[in-house]
Amino acid sequence: ETIRIKAIDIAIPETPADPNPGSTDFKVRSLITEFTTTGCSWCPSMKRLLHAALADPSVADMVVMSACHSTLVNAVADPAYIKTEYEDFAKSSGMPYVFCDMYYGFGYYTSLTATDLSNLFSEMVQEKEGIAPGIAVTSSLKNENIVAKVTVKAPKTATYRVGAFLLEDGVAGQQVSAGSDEWMHIHDDVIRYIDSQTLFNGGAQFYGYSLGEIEAGKTADYVFAWILDEIWEAGSNAAEVQGGGKPWAPRDNSKLHMAVFVSAVDVDEKGNQFYRIVNAIDCPVNGVTPYEYK
């Protein structure tokens, strides 16, 4: 087996100071991925629905959004295209499709309203009260490379995994069947790189990398290191070959940010174990994000 080592000339950042060392009562958010593409005539309906729900700041504060443009429709080139197995992992039944905390998804239904989405997000957050870990991140962007140190603080003793998405805002791309509203043709929270894919139970999974067991009140660290030029070259080449012949636009580092998430084993009402995201944050690629307590 070939082992690849990334060499990046950036010192590993320090973990930000814990503003409340004795507490594990953290702010809770869910990770939401919208599977979409610019050639999909049904996708604008889902985008409008999400836009309406997230217009309420209290609803937007419950989620970390991401958008995965991993499929083409009608051979329409998509400037946000990314080659990934994430869509298969999510068991997407077509586009548009929304994947919530990596365990629940739904397509577009005409009867679905912004209030329905608001209620769903609220219920998902409430389910994770008391089990959501804290996530603190210090990241550095230097010489077109990113190093992010993630520290996870456990509210209870459990086995945790951690992953991250590199996201980009402001990707311009004409969306079919979207009308003339300018915001419909600007794509935010676009996934440019997924750093959470591992082999698990014989197949690809995206729940993240194991942190092992963390005792209640204790912490564990993980460091993400990304070479941006390599990410853009690989993504742009894949987009040009498989994404309708349109490479990615030149990178604007000021529009980059990251979603960091932690997963853990949960148990359903029948006693079956399954993984899901138990907390997530959106943070800068060059900055400090301390634990957020209630």
Side-chain angles (χ1 to χ4, degrees), residues 15-33 53-54 56-66 89-90 98-106 115-138 148-165 196 198 200 205-222 224 258-283 288-294:
T15 300
D18 189 340
N20 194 353
S23 176
T24 57
D25 191 14
F26 299 105
K27 172 74 179 179
V28 185
R29 293 184 178 88
S30 289
L31 177 69
I32 308 298
T33 302
L54 299 177
D56 182 340
S58 66
V59 176
D61 193 42
M62 293 189 288
V63 302
V64 173
M65 290 299 303
S66 60
F89 166 78
V98 174
F99 195 33
C100 306
D101 279 338
M102 293 192 187
Y103 84 105
Y104 172 74
F106 59 89
T115 300
D116 293 330
L117 282 191
S118 300
N119 292 337
L120 171 63
F121 296 154
S122 179
E123 290 171 5
M124 292 174 61
V125 165
Q126 290 173 16
E127 287 177 359
K128 297 187 290 187
E129 295 288 352
I131 66 170
I135 307 172
V137 181
T138 304
K149 181 182 181 183
V150 178
T151 303
V152 176
K153 184 177 178 182
K156 67 173 187 176
T157 301
T159 299
Y160 297 92
R161 306 180 77 93
V162 63
F165 295 162
S196 71
T198 61
F200 186 73
Q205 61 87 16
F206 290 82
Y207 298 116
Y209 306 107
S210 177
L211 293 171
E213 184 178 270
I214 311 176
E215 295 181 11
K218 302 297 184 180
T219 65
D221 298 329
Y222 192 89
F224 292 95
M258 57 193 298
V260 177
F261 51 90
V262 176
S263 66
V265 173
D266 205 343
V267 180
D268 64 19
E269 63 277 4
K270 296 181 180 180
N272 299 314
Q273 290 188 337
F274 65 98
Y275 266 98
R276 71 164 169 175
I277 306 303
V278 287
N279 211 354
I281 62 168
D282 189 299
C283 55
V288 178
T289 306
Y291 298 122
E292 187 174 358
Y293 294 94
K294 293 181 183 175

- What distance separates Asp221 CG from Ile214 CD1, expressed to the nearest 0.5 Å? 9.0 Å
- Message: Is the shortest side-chain heavy-atom distance between Ser30 and Lys128 below 4.5 Å?
- Response: yes
- Item | Spacing of NZ belonging to Lys218 relative to CD belonging to Glu213, to within rounding of 0.5 Å | 13.0 Å
- Side-chain touch Tyr291/Thr151, heavy atoms, less than 4.5 angstrom: yes
- Who are the side chain to side chain donor-acceptor pair (under 3.5 Å) partners of Ser66, not counting sequence neighbours? Thr33
- Item | Least distance between heavy atoms, Thr24 atom then Gly217 atom | CG2-CA, 4.2 Å
- Item | Residues which pass salt bridge (charged side-chain N to carboxylate O under 4.0 Å, His left out) with Asp18, listed by chain and number, not counting sequence neighbours | Lys153
- Message: For a quick test of reading the model, state the closest non-hydrogen atom pair linking Pro155 to Ala132 and the distance between them.
- Response: CG-O, 3.5 Å
- Over all atoms of both residues, closest heavy-atom pair of Cys283 and Thr289: CB-OG1, 3.1 Å
- Partners passing salt bridge (charged side-chain N to carboxylate O under 4.0 Å, His left out) against Asp61 (at least two apart in sequence or in another chain): Lys27, Arg29
- Message: Measuring from atom CG of Leu120 to atom CD1 of Ile32, what distance do you get when rounded to the nearest 0.5 angstrom?
- Response: 7.0 Å
- Item | Over all atoms of both residues, closest heavy-atom pair of Pro19 and Ala17 | CD-O, 3.3 Å
- Message: My understanding is that only residues two or more places apart in sequence, or in another chain, count here; which of them pass side chain to side chain contact (heavy atoms under 4.5 Å, CB included) with Ala259?
- Response: Leu31, Val64, Phe165, Leu167
- Looking at residues at least two apart in the chain, or sitting in another chain, which of them share a ring pair (Phe, Tyr, Trp, His ring centres under 6.0 Å) with Phe274? Tyr103
- Message: Between Glu292 and Ile281, does the side chain to side chain contact (heavy atoms under 4.5 Å, CB included) criterion hold? Intermediate values first, please.
- Response: CA-CA 9 Å; Glu292 187 174 358; Ile281 62 168; 5.7 Å; no
- Message: I'd like to check the side chain to side chain donor-acceptor pair (under 3.5 Å) partners of Glu129; sequence neighbours left out, ordered by chain and number.
- Response: Lys294
- Message: The criterion is side chain to side chain contact (heavy atoms under 4.5 Å, CB included); which residues satisfy it with Phe89, sequence neighbours excluded?
- Response: Tyr86, Phe99, Met102, Gln205, Phe206, Tyr207
- Indicate the atoms forming the closest heavy-atom contact of Val278 with Val28, along with that distance. O-CG1, 4.4 Å
- Item | Donor-acceptor contact present, side-chain Asn279 to main-chain Pro133, <3.5 Å | yes
- With sequence neighbours left out, write down each residue that passes salt bridge (charged side-chain N to carboxylate O under 4.0 Å, His left out) with Glu127, or none if nothing qualifies. Arg276
- Query: If every non-hydrogen atom of Lys156 is compared with every non-hydrogen atom of Ala216, which pair is closest and at what distance?
  - Reply: CA-CB, 3.7 Å
- Tell me, please, which residues at least two apart from Ser23 pass side chain to side chain contact (heavy atoms under 4.5 Å, CB included). Asn20, Asp25, Tyr293
- Task: List for me each residue that meets side chain to side chain donor-acceptor pair (under 3.5 Å) alongside Thr138, sequence neighbours excluded, and say none if there are none.
- Result: none
- Item | Met65 and Leu54, any side-chain heavy atoms less than 4.5 Å apart | yes
- Go through the steps for Val152 and Tyr222 under the test side chain to side chain contact (heavy atoms under 4.5 Å, CB included), then give the verdict. CA-CA 8 Å; Val152 176; Tyr222 192 89; over 6 Å; no
- Item | side chain to side chain donor-acceptor pair (under 3.5 Å) partners of Thr219, counting only residues at least two apart | none
- Task: Could I get the full list of side chain to side chain contact (heavy atoms under 4.5 Å, CB included) partners for Ala164, not counting sequence neighbours?
- Result: Phe224, Trp226, Met258, Val260
